[in-house]
Amino acid sequence: MKYTSQRGTKDILPSETPVWQRIEASCRRIFGLYNYAEIRTPVFEQTELFSRSIGTDTDIVSKEMYTFEDRGGRSLTLRPEETAPVVRACLQHNLISPENITKLWYMGPMFRYERPQAGRYRQFHQAGVEAFGSTDPMLDVEVIDMAVQLFREIGLTDLEVDINSVGCKKCRPEFIKKLTKYFTDKTSDLCDDCKKRLVKNPLRVLDCKIQGCQSIIKAAPAPVDSLCRECEEHFENVVACMDEQKIKYKINNRLVRGLDYYTGTTFEVVSDKLGAQNAVCGGGRYDDLVKELGGKPVPAVGFAIGLERLVGIIGSDVQSPKSDVVDVYLIAIGEKAKNIAFDLASGIRKAGFSADMDFHGKKLKSQLKLADRIGARFVLILGEDELNKGKIVFRDMSEGKQEEIKCDAATIVEVLEKNK
RNA sequence: GCGGCCAUGGUGUAGAGGCAACACAGCAGAUUGUGGAUCUGUUAUCAGGGGUUCAAUUCCCCUUGGCCGCCCCA
């Protein structure tokens with residue numbers, strides 16, 4: 001094969017689009033129920049927007065961005081995530097302020113240059129929300145609840161919500177200091193990766209799955225124990241509100257996210273049906289990002305859902321919806337009949353019935369076979385005999401009965417309405 | 001960026017150092033213009049390049065791609 005889709009990219013074929021459409025419809029519905037409005041931003045932005053917001057030392061920025069120079073010498077990057085572009089758009093169009101709440105949702109392709117594997121692609125799709133303008137813990141819970149409701153609507157069970165707090169600008173540095181101190185005299189017992197992490201991003205050591213490290217991590221200080229008063233109070237309120245709303249969750253004090261802009265609450269929704277990449281949804285608070293990108297300080301919470309992963313979970317346990325059937329299949333024999341059929345098809349469609357016909361000049365038998373295969377409910381047959389009589393055969397495919405009716409669009413539509 | 005496994009018709013799979021097999025799908029046909037069943041026929045330079053050999057699709061190497069894992073993330 002000469003041309004194939006590029007590494008890490010995938011065609012979503014007609015057999016799969018119904019699942020996608022269902023998910024997309026659910027997203028629209030649920031986000032709408034919470035009064036979030038859709039926003040669409042370009043797929044590329046100036047590179048600096050991402051390096052500034054996500055953090056220069058993160059994996060995303062240091063090695064996963066699709067960055068290129070355009071003909072005008074600008075450094076552009078295909079968006080690896082959507083939070084920064086949404087903030088940029090909000091600032092550019094004055095959509096947010098500290099005094100008002102702005103609730104937005106988005107859906108679309110993201111790009112990250114990584115080795116593809118289960119649940120990971122170079123072009124993948126996310127649907128997400130961002131709520132600006134309040135530090136209210138209840139807003140955190142609203143956002144989490146929205147994700148939970150969405151998954152429920154889609155019919156997913158046995159998902160787990162993990163939450164944690166990574167602290168703010170004030171208490172996080174303190175915690176990192178504490179953590180580094182705890183690990184320094186134990187470095188030799190840590191795995192090689194963790195030794196690197198300890199220097200690059202000490203928080204990530206908490207996330208290590210290696211057994212040897214686990215035993216050390218167990219006794220390590222947890223972020224929740226080092227929160228400042230505001231962060232602690234905020235987190236307690238989030239948890240209390242989750243309880244009140246009866247949203248099931250697990251406090252996971254090893255949950256650390258890889259994007260620098262997160263502050264306070266972080267959460268993930270994980271599924272055990274996904275293999276190594278088990279998070280379907282990730283999010284949290286980012287109270288400093290708007291200011292860092294040049295706006296007034298406006299706190300925010302949001303999440304992103306990985307649509308491929310969602311499809312990955314659903315694919316197995318939800319029956320794929322039946323493909324749409326066509327109402328009428330027109331069978332014409334001969335050029336003259338074909339012309340008339342073409343015209344009739346157009347009239348039938350105008351009345352709101354779907355119609356299709358043959359473009360191969362096949363025999364009656366083959367055309368009938370085709371009509372059967374595509375699931376046509378009715379077939380119209382126009383051959384020599386009918387043509388001479390000014391009639392057309394109207395055949396009900398499931399009954400196997402047929403009758404001759406007058407060959408004009410109005411009569412056909414009338415009969416269709418009657419048989420609906 | 002690193003590691004493991006893999007690469008045969010449209011699809012899913014066999015196969016063996018010397019004629020590439022089977023199933024499904026597709027198309028055509030089984031007496032004139034009637035679908036779903038059955039039967040018949042038909043569909044492959046065995047991913048690309050190099051090497052070993054009288055002979056490679058089979059063995060070896062490289063490349064590319066796929067799947068999975070690490071890292072990280074959705």
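Reminder, nothing fancy here: chain letters follow the sequence lines and each chain counts from 1.
- For the pair R120(A) CZ and G1(B) P, the computed distance is 13 Å after rounding to whole Å.
- Checking side-chain atoms of R377(A) against main-chain N and O of V328(A) turns up no donor-acceptor pair under 3.5 Å.
- Partner assigned to U42(B) is G26(B), using Watson-Crick or G-U wobble distances below 3.5 angstrom.
- If you measure from atom CZ of R79(A) to atom C1' of A74(B), you get 13 Å, rounded to the nearest angstrom.
- One interatomic measurement links the two molecules: CZ of R7(A) to C1' of C67(B), which rounds to 11 Å at whole-angstrom precision.
- Between K63(A) and G283(A), the one whose closest nucleotide on RNA chain B sits nearer the 5' end is K63(A).
- Here, A55(B) and C68(B) have their C1' atoms 37 Å apart, quoted to the whole Å.
- Qualifying salt bridge (charged side-chain N to carboxylate O under 4.0 Å, His left out) partners for K389(A), counting only residues two or more places apart in sequence or in other chains: E404(A).
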- Message: Determine whether Y261(A) and Y286(A) satisfy the following criterion, ring pair (Phe, Tyr, Trp, His ring centres under 6.0 Å), listing intermediate values before the conclusion.
- Response: CA-CA 6 Å; Y261(A) 54 64; Y286(A) 48 99; 5.6 Å; yes
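- Residue G128(A) is out of contact with every strand shown, counting any heavy-atom pair closer than 4.0 Å.
- A distance of about 28 Å separates the C1' atoms of C2(B) and C59(B), rounded to the whole Å.
- S226(A) and E174(A) form no side-chain donor-acceptor contact under 3.5 Å, judged by distance and modelled atom types alone.
- In this structure, CD1 on I331(A) lies 8.5 Å from CG on L370(A), to the nearest 0.5 angstrom.
- When both pairing distances are held under 3.5 Å, G69(B) makes a Watson-Crick or G-U pair with C2(B).
- In this entry A56(B) has no Watson-Crick or G-U wobble partner, no candidate having both defining distances under 3.5 Å.
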- Message: What does the B/S/- profile of nucleotides 5-13 of chain B look like, 5' to 3', with a 4.0 Å heavy-atom cutoff to protein?
- Response: ---------
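- Here the side chains of L293(A) and L49(A) are in contact, with some heavy-atom distance below 4.5 Å.
- Atom P of G66(B) sits at a distance of 32 Å from the matching atom of G18(B), rounded to the whole Å.
- D11(A) has its CG atom 12 Å from the P atom of G66(B), to the nearest Å.
- Between the P atom of A74(B) and the CG atom of N278(A) lies a distance of 12 Å, rounded to the nearest Å.
- With P223(A) as reference, N253(A) is the one residue of N253(A), V166(A), L255(A) to meet the side chain to side chain contact (heavy atoms under 4.5 Å, CB included) rule.
- Atom P of nucleotide G1(B) and atom CE of M65(A) are separated by 17 Å, given to the nearest angstrom.
- Relative to the side chain of R309(A), the nucleotides A74(B), G69(B), C72(B) differ in distance, and A74(B) lies closest.
- The stretch residues 40-61 of chain A touches RNA chain B through D59(A), each having a heavy atom under 4.0 angstrom from the strand.
- A donor atom on one side chain and an acceptor atom on the other are found under 3.5 Å apart for D140(A) and T265(A).
- Judged as a salt bridge (charged side-chain N to carboxylate O under 4.0 Å, His left out), and not counting sequence neighbours, the contacts of D408(A) are K406(A).
- The nucleotide A7(B) finds its pairing partner in U64(B), both defining distances of the Watson-Crick or G-U wobble pair being shorter than 3.5 Å.
- In this structure, C59(B) shows a glycosidic angle more than 90 degrees from zero, which is the anti conformation.
- Taking atom C1' on both U31(B) and A47(B), the two are 47 Å apart, rounded to the nearest angstrom.
- Taking atom CZ on F267(A) and atom C1' on A74(B), their separation rounds to 12 Å, with Å as the unit.
- Across R349(A) and A355(A), no two heavy atoms sit closer than the pair NH2-O, 3.0 Å.
- Side-chain N/O atoms of R115(A) and base N/O atoms of G69(B) include no donor-acceptor pair closer than 3.5 Å.
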- Query: If the sugar-phosphate is the primed atoms plus P, OP1 and OP2 and the base is the rest, what is the B/S/- string for nucleotides 24-38 of chain B, using protein heavy atoms under 4.0 Å?
  - Reply: --SSSS---BBBB--
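- Checking the phosphate oxygens (OP1, OP2) of G69(B), a side-chain nitrogen or oxygen of Q117(A) falls inside 4.0 Å.
- Nucleotides C60(B) and U52(B) are separated by 16 Å at their P atoms, to the nearest Å.
- Taking atom P on both nucleotides, A16(B) is separated from A21(B) by 14 Å, rounded to a whole Å.
- Minimum heavy-atom separation, G284(A) to Y262(A): N-CE2, 3.4 Å.
- Using a cut-off of 4.0 Å between Lys/Arg side-chain N and Asp/Glu carboxylate O, K10(A) and E308(A) are scored as not salt-bridged.
- Evaluation of the side chain to side chain donor-acceptor pair (under 3.5 Å) rule for R52(A) yields E48(A) as partners, not counting sequence neighbours.
- Rounded to whole Å, the C1' atom of A56(B) lies 13 Å from the corresponding atom of A20(B).
- Heavy atoms of Y121(A) sit under 4.0 angstrom from at least one base atom.
- Taken to the nearest 0.5 Å, the NZ atom of K391(A) stands 13.0 Å off from the CG atom of D385(A).
- Per the geometry, CD belonging to E114(A) stands 13 Å off P belonging to C70(B), to the nearest Å.
- A304(A) comes within 4.0 angstrom of sugar-phosphate atoms only, judged by non-hydrogen atoms across all strands, and of no base.
- G51(B) and G65(B) are spaced 23 Å apart, taking the P atom of each and rounding to whole Å.
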